[in-house]
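Heads up: the structure comes next, in structure tokens.
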Amino acid sequence: MKTKKYTDIALKSCTALLLAVSLILSFTVSDYYIFNRIGLLNSGTEQFSFFFVLSQWVKKSGLLLLPLAVFYNKKCCSDIAKYVLPVFTVISLCTFGGFFDKTMMTGGADPVQDTFASINEFIPKAANITLFCISCVLIAAVCALLFVRDGFKVDKRSFVYFPFAMLGVMPLNIFENFFDTKDFSRVPFLLFKNFTVWHFLALIILAGVTIAGYYFLKNKDKKQQQDYLVAIAIVLLIQYHSKDSVIMGDGYNVYNTVFSCVPLFICNIGVYIASVAVILKKRVLYAIAFFVHAAGALTVFFYFGKDEMSNYGIIFSYSILYFCLTHCLLFALSVLPSALGHYKFTPRDCVIPLIYYCLVIVVATVVGGLLTTFIQNYSFNGYTLTIGEYGTGADMAPLNFAFTQVNPLPIPFYYIPFKIADCMFYLSYLIVLYLVYVALFWAFTGGYYAFLAIRKKVLKTPALPEAPAVGVPETVQAEAAVTDDTQNDE
């Protein structure tokens with residue numbers, strides 16, 4: 001019994017440490033820079049061996065498999081992890097080539113690239129190598145402990161899930177091996193902009209993913225539903241943090257500095273809220289995810305903002321694939337717990353989300369102003385970055401946290417100006433921004449109640465009452481059920 005207890009403690013400790021180390025490694029250029037530069041056997045600084053890239057991809061799947069195996073006792077994940085991960089961990093250690101030499105500060109870099117690199121490359125090469133080796137040791141240790149906990153016997157059916165794990169953590173810049181990431185002008189039809197065929201396809205995919213998820217999960221028991229929701233949350237977090245490395249290497253959309261990784265874009269913070277909500281099963285987090293972030297994710301799919309604000313590129317570029325995938329998963333993760341009956345959403349649950357969203361705007365405004373001021377006063381080798389809207393010739397776009405610096409609406413609001421450090425903001429715009437999104441949130445909530453009414457009256461699918469327990473009056477059970485529902489987050 002003591003062996004089992006100590007094994008469990010060691011497993012959870014090593015897995016938690018692995019996740020922390022992997023998070024830090026995501027803030028290195030090389031982490032995702034390799035996936036759109038795949039060679040055959042060459043492993044220099046501009047092309048990376050196919051076998052090394054594959055091994056890194058498999059190790060990314062370990063960030064999904066190991067937490068499910070360790071914290072949720074998923075036997076299929078344990079079977080895959082302990083027999084697959086050690087092999088590819090050894091391959092990655094033997095084939096890394098020029099992986100650790102990647103830097104954007106090269107002899108041919110221009111002053112802008114050098115200045116970006118001086119900000120982004122805050123993790124030195126020695127630390128990168130050390131953390132990489134620590135992560136490999138931790139993967140091996142967790143897999144060894146899984147052998148101790150679960151034994152050597154496996155169910156061959158477990159490996160059916162391995163392709164799905166690999167698909168879930170697929171590096172989205174891998175498609176850029178097939179076209180020039182710097183020149184999209186040759187395929188203008190594939191450019192992603194508002195109200196194009198690709199925009200409407202994105203809307204269809206958003207609805208399709210959510211509906212398919214609901215029908216896939218609705219007939220499963222609650223534990224299975226919870227396990228799948230947690231798996232979706234982990235995939236969302238892995239894909240979300242892929243942006244950390246991409247920003248430092250090739251850039252994401254109009255952003256090129258690590259400061260744009262601060263999770264104050266409204267859907268970025270939603271990734272954490274929705275993921276933690278399903279992991280901790282907290283009612284207040286469910287409500288915030290549903291009321292604010294589901295509605296927000298849906299809103300940006302209807303209108304992506306003014307085209308001149310963005311540079312998504314073609315539909316197979318990392319920027320648009322990342323945006324669509326993370327927002328689809330965020331929307332699904334925010335609405336599925338309620339749709340599946342894990343909690344009952346009531347109008348009073350909107351109060352905290354309304355306060356929360358107001359605080360997000362306030363914090364985003366202050367932080368955005370301070371960081372933008374720091375960047376536009378930062379110099380490297382005598383060069384100072386310029387900040388302005390995309391397409392104006394500036395070096396980078398403002399840190400538009402929660403849309404506080406750049407107005408996505410077609411109507412300007414230049415009233416009641418005030419400054420934070422060197423940045424000018426307009427109180428009239430911030431108030432209108434808040435009110436517009438609150439109106440959208442309430443419209444989304446109204447749509448939710450309309451859906452419930454249609455499901456109950458037209459489809460005639462009311463929830464089935466649970467069977468009464470032996471010897472307990474039904475009235476007592478009903479009171480207990482109400483109490484349990486209202487205290488779900490305690």
I'd like a table of donor-acceptor pairs (distance under 3.5 Å, sequence neighbours excluded) in which one partner is a side-chain atom from residues 359-366, with atom names and distances.
residue : atom : partner : partner atom : Å
T365    : OG1  : I361    : O            : 2.6

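A salt bridge links D8 to K12: one of the charged nitrogens lies within less than 4.0 Å of a carboxylate oxygen. Using a cut-off of 4.0 Å between Lys/Arg side-chain N and Asp/Glu carboxylate O, D227 and K74 are scored as salt-bridged. For D221 and K223, the salt-bridge test fails: no basic side-chain N is under 4.0 Å from an acidic carboxylate O. The existence of a salt bridge linking D79 and K153 is excluded, since no basic side-chain nitrogen approaches an acidic carboxylate oxygen closer than 4.0 Å.
Annotation for Y272: atom OH counts as buried by contact number, over 12 foreign heavy atoms lying within 6.0 Å. With a 6.0 Å radius and a threshold of 12 heavy atoms from other residues, nucleotides or ligands, F302 has its CZ atom at or below the threshold.
Under the 30°/60° scheme for interplanar angles, the aromatic rings of H199 and F192 are found to be tilted.
Judged as a side chain to side chain contact (heavy atoms under 4.5 Å, CB included), and not counting sequence neighbours, the contacts of V335 are T210, F290, A294, F331, F444. W198 is linked by a ring pair (Phe, Tyr, Trp, His ring centres under 6.0 Å) to F189, counting only residues two or more places apart in sequence or in another chain.
The six-membered or imidazole ring of F323 lies away from that of Y252, with a centre-to-centre distance of 6.0 Å or more. Taking the six-membered ring for Trp and the full ring otherwise, the centers of F374 and F259 sit less than 6.0 Å from each other. Aromatic ring centres of F265 and F401: separated by under 6.0 Å. Aromatic pair Y318/F175: ring centres not closer than 6.0 Å.
The cationic atom of K102 (NZ for Lys, CZ for Arg) does not lie both less than 6.0 Å from the six-membered ring centre of F99 and within 45° of the ring axis.
None of Y356, F441, Y357 except one satisfies the ring pair (Phe, Tyr, Trp, His ring centres under 6.0 Å) rule with H293; the exception is Y356. Checking each of F159, F162, F147, F88 against Y83 for a ring pair (Phe, Tyr, Trp, His ring centres under 6.0 Å) leaves exactly one that passes, namely F147.
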